[in-house]
Amino acid sequence: MLKEIRPAIVLLVALTIVTGLIYPLAMTGIAGAIFPVQAQGSLIEKDGKVIGSALIGQPFTSDKYFHGRLSATMGPDPKDATKSVSTPYNAANSGGSNLGPTSKALADRLKDDVETLKKENPGTAVPVDLVTTSASGLDPDLSPEAALFQVPRVAKARGIPEQTLRTLIGSHIEDRTLGFLGEPRVNVLKLNLALDAMKS
């Protein structure tokens, strides 16, 4: 019986070493050598300090900054671990709200958010990505239209001409990946860092 089991055990151990140890280490080493920034999480630094990642959104609430997509990620309540609370852009609990088109809570929130944004930029259609959450809840990008929609608010808060902000947004539009995947987009963190640099 041992004669029949031995090849299976040897194969299991060999495949475990190759696919569970050698292959992952080799791929990690190759990725680190070819794409060092991406392999480390596409981290963004300011004054030598890591302030975020180009791959994960951050909450910007001040009128002086462009706001990103809404995040529906949740996390444990620090006061009561049996409950969950909203923790925007929580990478440890990535996910959407799972509210469907018939959800009254979603419809009410959308209505309130649209009304608030209409006051910010009257007479302009509200881009859908300013009032909806992404599937991951971590989306760091906006459509160029959503960034341009916020120009009047940011210009007023900072005392900057609107055309200057439109030019800044235009210089931060990233094209489709490989020319055909996805849509043109603007990374909100990078845009806000450029905004601060322009101000200084």
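Since the model is a prediction, treat every value here as computed from it, not as a measurement.
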Given the rule that I, L, V, M, F, W and Y join up when any side-chain heavy atoms are under 4.5 Å apart, are Ile169 and Val128 in one cluster? no
Taking all atoms of both residues into account, what is the closest heavy-atom pair of Arg185 and Thr177, and its distance? NH2-OG1, 3.3 Å
If you group Ile, Leu, Val, Met, Phe, Trp and Tyr by side-chain heavy-atom gaps below 4.5 Å, do Leu70 and Val188 land in one group? no
Interatomic distance, CD@Glu183 vs CG@Leu142, rounded to 0.5 Å, equals 13.5 Å
Test item: Thr73 side-chain N/O and Ser94 main-chain N/O as donor-acceptor pair under 3.5 Å: no
With the 4.5 Å side-chain cut-off for hydrophobic clustering, are Val126 and Leu106 part of the same group? yes
If two hydrophobic side chains count as joined below 4.5 Å and joins carry through other members, does Val151 share a cluster with Ile160? yes
Could you report the tightest heavy-atom contact between Asp139 and Ser134, atom names first, then the distance? CB-OG, 3.4 Å
Measuring from Phe66:CZ to Leu189:CG, what's the distance to the nearest 0.5 Å? 13.5 Å
Any donor-acceptor pair under 3.5 Å from Glu120 side chain to Thr116 backbone: no
Which pair of heavy atoms, one from Pro127 and one from Ala146, lies closest together, and at what distance? CG-CA, 3.6 Å
More than 12 non-hydrogen atoms from neighbouring residues, nucleotides or ligands closer than 6.0 Å to CD on Gln40, yes or no? no
Quick one, Gln58 and Asn192 - any side-chain contact, counting heavy atoms below 4.5 Å? no
When every non-hydrogen atom of Pro184 is compared with those of Ile173, the smallest separation belongs to CB-CG2, 4.1 Å
To the nearest 0.5 angstrom, please state how far the CG atom of Leu43 sits from the CD1 atom of Ile51. 10.5 Å
Could you measure the distance from the CG atom of Asp113 to the CG atom of Leu130? Nearest 0.5 Å is fine. 9.5 Å
What are the two closest heavy atoms between Leu191 and Ala147, and how far apart are they? CD2-CB, 4.5 Å
Tell me, do Arg158 and Asp196 make a side-chain contact under 4.5 Å, heavy atoms counted? yes
Run the side-chain contact (heavy atoms from CB on, under 4.5 Å) test against Ile30 and tell me which residues pass, sequence neighbours left out. Met27, Ile34
Report yes or no: is the cationic atom of Arg153 (NZ for Lys, CZ for Arg) under 6.0 Å from the centre of the six-membered ring of Tyr65, at an angle within 45° of the ring normal? no
Please round to the nearest 0.5 Å and tell me the distance separating atom NE2 of His67 and atom CG of Leu117. 9.5 Å
In short, ring-ring contact (aromatic ring centres under 6.0 Å, His included) pairs touching residues 147-195 with sequence neighbours left out are none
Go through the steps to decide whether Leu181 and Arg176 satisfy the test side chain to side chain contact (heavy atoms under 4.5 Å, CB included), and finish with yes or no. CA-CA 5 Å; Leu181 294 174; Arg176 292 175 169 89; 5.7 Å; no
same_hphob_cluster(Leu193, Phe60) at 4.5 Å side-chain heavy-atom cutoff: yes
Among Asp63, Leu168, Leu165, the one residue meeting side-chain contact (heavy atoms from CB on, under 4.5 Å) with Val154: Leu165
Output yes when Lys190 and Asp141 qualify as a salt bridge under the 4.0 Å nitrogen-oxygen rule, no when they do not. no
Taking atom CG of Leu12 and atom CD1 of Ile5, what is their separation to the nearest 0.5 Å? 12.5 Å
Val131 and Val114 have their tightest heavy-atom pair at CG1-CG2, 3.9 Å
Does a side chain donor of either Thr133 or Arg69 reach within less than 3.5 Å of an acceptor in the other side chain? no
Ignoring hydrogens and geometry, is there a side-chain-to-backbone donor-acceptor pair from Ser42 to Leu55 under 3.5 Å? no
